[in-house]
Asker: 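Handing you a structure now.
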Amino acid sequence: MNFPPVDEQLAIIRRGVEKIVPEEELAVKLTKSRETGIPLRIKYGIDPTGIDVHLGHTVPLRKMRQFQELGHQAVIIIGNYTALVGDPSGRDQARVKKLTEADVEANARDYLNQVGKVIDISQAEVHRNGDWFAKMSFAEILQLCGKITVAQLLTRDDFAKRYASQTPIFLHECLYPMMQAWDSVMIKSDIELGGTEQLYSFMLARDLQRDQHLPQQVGVMSPILVGTDGEQKMGKSLGNYIGISETPFDMMKKFMQIPDATMGMYFNLLTSIPLEEVTAILQGHPKEAKVRLAKSVIAGYHSEQHALEAADRWQREVGGGELPTDIPTVTLNLTTLAAQLPQCQGDLVHSRLAAAQLLKVAGLTPSTSDAIRLIQQGGLSIYDGDQPTLISDPKAVIELKTGLLVKAGKKKIARLVIDH
RNA sequence: GGCGGGAUACCCGAGUGGCCAAAGGGGCCAGACUGUAAAUCUGGUGGCUCUGCCUUCGCAGGUUCGAAUCCUGCUCCCGCCA
């Protein structure tokens, strides 16, 4: 195996990495592997709890990919056993929902499919940590527990906070870092990838490895990727994530919404554009920079072509204010409507309907009250052909006909189909 | 187990008999501005057949002309003590 020079490897590995612990051991490991021709074993573990892989997850995965490209061995741990516990990292309370083993297995398969979009899964080792945890005896578990003190556990920020605020810390959660660390022992990892919040477990892994007379792993920790709000950690529950399985156009829209200040981090962590070039890009027009960023990432999960199309479409529909190409149709059956809205029967027999009622029945607003507010604030436009007409009176009577476009606010739009 | 505090709209949180569909903030929505975002400004933010009506302040009852506010019971949270 021929590895690139250590300096070159280090430059690639260091990009977008917040912490390498212990820093000096990384070069030593790389040097040794280059001399012996033995690839380093790069560990990355995930718990198959959710299903949507988003860009936040791709940060360490991209790092994994880079290690692969440098000739090292990717080792993916599917935490099917740790998933039964739930990672307490950064949590201020224990997870509530418990996953069944069947859920976990289904999630794991789905997860591997998605991960394949970032790393070369055919060249990766995949392990499930249930393979070893399921076989451990209680005595063995006890022995492992003997390696960790409560005081050590409490050095973790999340546990310390919970302890201080008297929020429950369950015993099985205490075992989580131990399990994660034991995975490192079992697969003899040289490097472990993850976020900075994993520091405790990464260091515990070193202790356990030393205990077993194994070489100790080095933690390579990525910063936390912020979400599209530019503030908080990207995550599903916060609704600020960009999923890698989303359509190019959906990704495009989300990318264009990130705050300018967040672009630097995204370029650094999500693209391979050389950093000098990134600096130049960021000095140009922010909008152009954002388009460039979006295209670069989208191309990685779809194709150059799709990325281009998405960017063009965004420019036309969002930037240029043109009507979107995929307007959903809403079918209104006048007979049914008349039965639902007896007070509007008079209008309906003439295929007419008050604007506020229309928004409600077309599903563009959740209630007529909401529709009235929206209309009064100038949010309703009706397109008959290409001509928009602003409707500002909720009671304005609209002539219903098929093909009419109803646009409520910036985002909600529907094409009517009238049925008698 | 004892004592005390609390539960208000999407979230936080004021309100302690009528002027309360309920202050304020966050979020969100609409409009202006813009580069798309941010920032800023304006308005809005229970429902309806809408100058009015109906439903909502943990749940169920009660007092009262009138209750988010007072009383009784219940459920759940939280603090202190043991």
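Throughout, a chain's letter reflects where its sequence line sits, starting with A, and its residues are numbered from 1.
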Asker: According to a strict under-4.0 Å criterion, is A:R373 in side-chain N/O contact with OP1 or OP2 of B:C48?
Answerer: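 Answer no for this pair, as no side-chain N or O of A:R373 is under 4.0 Å from OP1 or OP2.
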
Asker: Under 4.0 Å between a side-chain nitrogen and a carboxylate oxygen: does that hold for A:R128 and A:D131?
Answerer: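 Between A:D131 and A:R128 there is no salt bridge, as every charged N stays at least 4.0 Å from the carboxylate O atoms.
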
Asker: Mind calculating the distance between CD (A:Q343) and P (B:C50) to the nearest angstrom?
Answerer: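 Taking CD of A:Q343 and P of B:C50, I get 8 Å after rounding.
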
Asker: Rounding to the closest angstrom, what is the interatomic distance between B:G62 and B:C78 at atom C1'?
Answerer: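 It comes out at 28 Å once rounded to the nearest Å.
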
Asker: Partner of B:C3 by Watson-Crick or G-U wobble geometry, both contacts under 3.5 Å, or none?
Answerer: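 Across all strands, the one nucleotide that pairs with B:C3 is B:G79.
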
Asker: What side chain to side chain donor-acceptor pair (under 3.5 Å) pairs are there with at least one residue in residues 136-151 of chain A, not counting sequence neighbours?
Answerer: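 Counting only pairs at least two positions apart or across chains, the side chain to side chain donor-acceptor pair (under 3.5 Å) contacts touching residues 136-151 of chain A are A:S137-A:E140, A:K147-A:D211.
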
Asker: Please list, pair by pair, any protein nitrogen or oxygen found under 3.5 Å from a nitrogen or oxygen in nucleotides 39-43 of chain B.
Answerer:
unit_1 : atom_1 : unit_2 : atom_2 : d
B:G43  : N2     : A:Q377 : OE1    : 2.9
B:G43  : N2     : A:Q377 : NE2    : 3.1
B:G43  : N3     : A:Q377 : OE1    : 2.6

Asker: Starting at NZ of A:K290 and ending at P of B:U34, how long is that distance when rounded to a whole Å?
Answerer: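 Taking atom P of B:U34 as the reference, NZ of A:K290 is at 17 Å.
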
Asker: Taking pairing as Watson-Crick or G-U wobble with both contacts under 3.5 Å, can you name the mate of B:A22, or confirm there isn't one?
Answerer: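 The answer is none; no pair meets the criterion.
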
Asker: Which residues pass the side chain to side chain donor-acceptor pair (under 3.5 Å) test with A:K395, sequence neighbours left out?
Answerer: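 A:K395: no side chain to side chain donor-acceptor pair (under 3.5 Å) contacts found.
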
Asker: If the C1' atom of B:U8 is compared with that of B:A68, how far apart are they to the nearest Å?
Answerer: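 Result for the C1' pair: 7 Å, nearest Å.
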
Asker: Name the pairing partner of B:U56, where a pair is Watson-Crick or G-U wobble with both distances under 3.5 Å, or state none.
Answerer: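 Across all strands, not a single nucleotide pairs with B:U56.
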
Asker: What side chain to side chain donor-acceptor pair (under 3.5 Å) pairs are there with at least one residue in residues 309-318 of chain A, not counting sequence neighbours?
Answerer: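 For residues 309-318 of chain A, and leaving out neighbouring residues, the side chain to side chain donor-acceptor pair (under 3.5 Å) pairs sorted by first residue read A:K287-A:Q315, A:Q305-A:E309, A:R313-A:E317, A:R313-A:T325, A:R313-A:D326, A:E317-A:T325.
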
Asker: Output the rounded distance in Å from CG (A:L293) to P (B:A37).
Answerer: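 Going from A:L293 (CG) to B:A37 (P), I get 16 Å.
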
Asker: Does the A:T58 side chain pair with the main chain of A:L61, one donor and one acceptor, at a distance under 3.5 Å?
Answerer: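 Not confirmed, A:T58 side chain does not pair with A:L61 backbone.
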
Asker: In residues 359-370 of chain A, what residues come within less than 4.0 Å of RNA chain B, judged by heavy atoms?
Answerer: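 A:K360, A:S367, A:T368, A:S369, in order of number.
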
Asker: Residues of residues 250-262 of chain A with any non-hydrogen atom less than 4.0 angstrom from an atom of RNA chain B: list those, numerically ordered, please.
Answerer: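 Output list: A:M256, A:Q257, A:I258, A:P259, A:D260.
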
Asker: Write down the distance between CD1 (A:I242) and C1' (B:A37), rounded to a whole number of angstrom.
Answerer: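 Interatomic distance, CD1 of A:I242 to C1' of B:A37: 13 Å.
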
Asker: Pick base, sugar-phosphate or nothing for A:I375, based on heavy-atom distances below 4.0 Å to the nucleic acid.
Answerer: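 Touches nothing.
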
Asker: So, A:K29 and A:E25, do they make that salt bridge, N to O below 4.0 Å?
Answerer: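 So A:K29 does not pair with A:E25 through a salt bridge.
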
Asker: Using a strict 4.0 Å threshold on nitrogen-to-oxygen distance, state whether A:D384 and A:K401 make a salt bridge.
Answerer: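 Looking at A:D384 and A:K401, the cut-off is met.
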
Asker: Would you give me the side-chain donor-acceptor pairs under 3.5 Å for residues 292-302 of chain A, sequence neighbours excluded?
Answerer:
unit_1 : atom_1 : unit_2 : atom_2 : d
A:R292 : NH2    : A:E277 : OE2    : 3.0
A:H302 : NE2    : A:E246 : O      : 2.8

Asker: Measure up the A:H72 and A:F3 rings against each other and bin them: parallel (under 30°), tilted (30 to 60°), perpendicular (over 60°).
Answerer: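 Ring orientation of A:H72 relative to A:F3: parallel.
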
Asker: Please measure how far the C1' atom in B:C54 lies from the corresponding atom in B:A37, and state the result in whole Å.
Answerer: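 Per the computed distance, 42 Å lies between those C1' atoms.
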
Asker: Starting at atom NE2 of A:H285, determine the distance to atom C1' of B:A38, rounded to an integer number of angstrom.
Answerer: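 From A:H285 NE2 to B:A38 C1': 14 Å.
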
Asker: Tell me, please, which residues at least two apart from A:T196 pass side-chain contact (heavy atoms from CB on, under 4.5 Å).
Answerer: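 Residues passing side-chain contact (heavy atoms from CB on, under 4.5 Å) with A:T196: A:E18, A:M221, A:I224.
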
Asker: How would you list, by chain and number, every residue that makes a salt bridge (charged side-chain N to carboxylate O under 4.0 Å, His left out) with A:E69, sequence neighbours excluded?
Answerer: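 Salt bridge (charged side-chain N to carboxylate O under 4.0 Å, His left out) list for A:E69, sorted by chain: A:R65.
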
Asker: Return the nucleotide paired to B:U42: Watson-Crick means purine N1 to pyrimidine N3 with N6-O4 or O6-N4, wobble means G-U with N1-O2 and O6-N3, both under 3.5 Å.
Answerer: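 By the stated definition (distances under 3.5 Å), B:A30 pairs with B:U42.
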
Asker: Could you measure between the two C1' atoms, the one in B:A21 and the one in B:G44, and give it in whole Å?
Answerer: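 The answer is 14 Å between these two C1' atoms.
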
Asker: Please determine, for the side chain of A:L341, which listed nucleotide (B:G35, B:U49, B:G31) has the closest atom?
Answerer: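 For the A:L341 side chain, the nearest candidate turns out to be B:U49.
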
Asker: Any side-chain N or O of A:Q357 under 4.0 Å from OP1/OP2 of B:U49?
Answerer: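 True: A:Q357 side-chain N/O within range (under 4.0 Å) of B:U49 OP1/OP2.
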
Asker: Whole angstroms only, please: what is the CD-P distance between A:Q340 and B:C48?
Answerer: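 About 13 Å, once rounded to whole Å.
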
Asker: Does A:P342 or A:G379 map to a spot on RNA chain B nearer the 5' end, using the closest nucleotide for each?
Answerer: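 Result: A:G379.
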
Asker: Could you measure between the two C1' atoms, the one in B:U69 and the one in B:G6, and give it in whole Å?
Answerer: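 That atom pair is separated by 15 Å.
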
Asker: Identify each atom pair where a protein N or O and an N or O of nucleotides 20-28 of chain B are less than 3.5 Å apart, giving names and distance.
Answerer:
none

Asker: Whole angstrom is fine here: how far is it from NZ in A:K412 over to C1' in B:C29?
Answerer: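 Result: 7 Å.
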
Asker: Using Watson-Crick or G-U wobble geometry with both distances below 3.5 Å, tell me the partner of B:A14, or none.
Answerer: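 By the stated definition (distances under 3.5 Å), nothing pairs with B:A14.
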
Asker: Got a sec, which residues hit side-chain contact (heavy atoms from CB on, under 4.5 Å) with A:D419, two or more places apart in sequence or on another chain?
Answerer: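 side-chain contact (heavy atoms from CB on, under 4.5 Å) check on A:D419 returns A:T331, A:N333.
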
Asker: Looking only at atom C1', what distance separates B:C70 and B:C65, rounded to whole Å?
Answerer: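 Between the two C1' atoms, the distance is 16 Å.
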
Asker: Whole Å only: how far is the CD atom of A:Q345 from the P atom of B:U49?
Answerer: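 From A:Q345 CD to B:U49 P: 14 Å.
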
Asker: Pairs under 3.5 angstrom only: tabulate donor-acceptor contacts from the side chains of residues 345-366 of chain A to other protein residues two or more places apart or in another chain.
Answerer:
unit_1 : atom_1 : unit_2 : atom_2 : d
A:Q345 : NE2    : A:A338 : O      : 3.4
A:T365 : OG1    : A:S367 : O      : 3.2

Asker: Could you work out the separation of B:G25 and B:G31 based on their C1' atoms and round it to a whole Å?
Answerer: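 Straight-line distance between the two C1' atoms is 22 Å.
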
Asker: Are any side-chain N or O atoms of A:T368 and backbone N or O atoms of A:A371, one a donor and one an acceptor, separated by less than 3.5 Å?
Answerer: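 Side chain of A:T368 to backbone of A:A371: no pair is present.
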
Asker: In terms of relative ring orientation, are A:F255 and A:Y266 parallel, tilted or perpendicular, with 30° and 60° separating the classes?
Answerer: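 Rings of A:F255 and A:Y266: perpendicular, as their planes differ by over 60°.
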
Asker: Under a 3.5 Å distance rule, please check whether A:Q9 uses its side chain to pair with a backbone N or O of A:P4 as donor and acceptor.
Answerer: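 Checking the backbone N and O of A:P4 against the side chain of A:Q9, a donor-acceptor pair under 3.5 Å is found.
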
Asker: Using the C1' atom as the reference point in each nucleotide, state the distance between B:C71 and B:G17 in Å, no decimals.
Answerer: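 It comes out at 13 Å once rounded to the nearest Å.
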
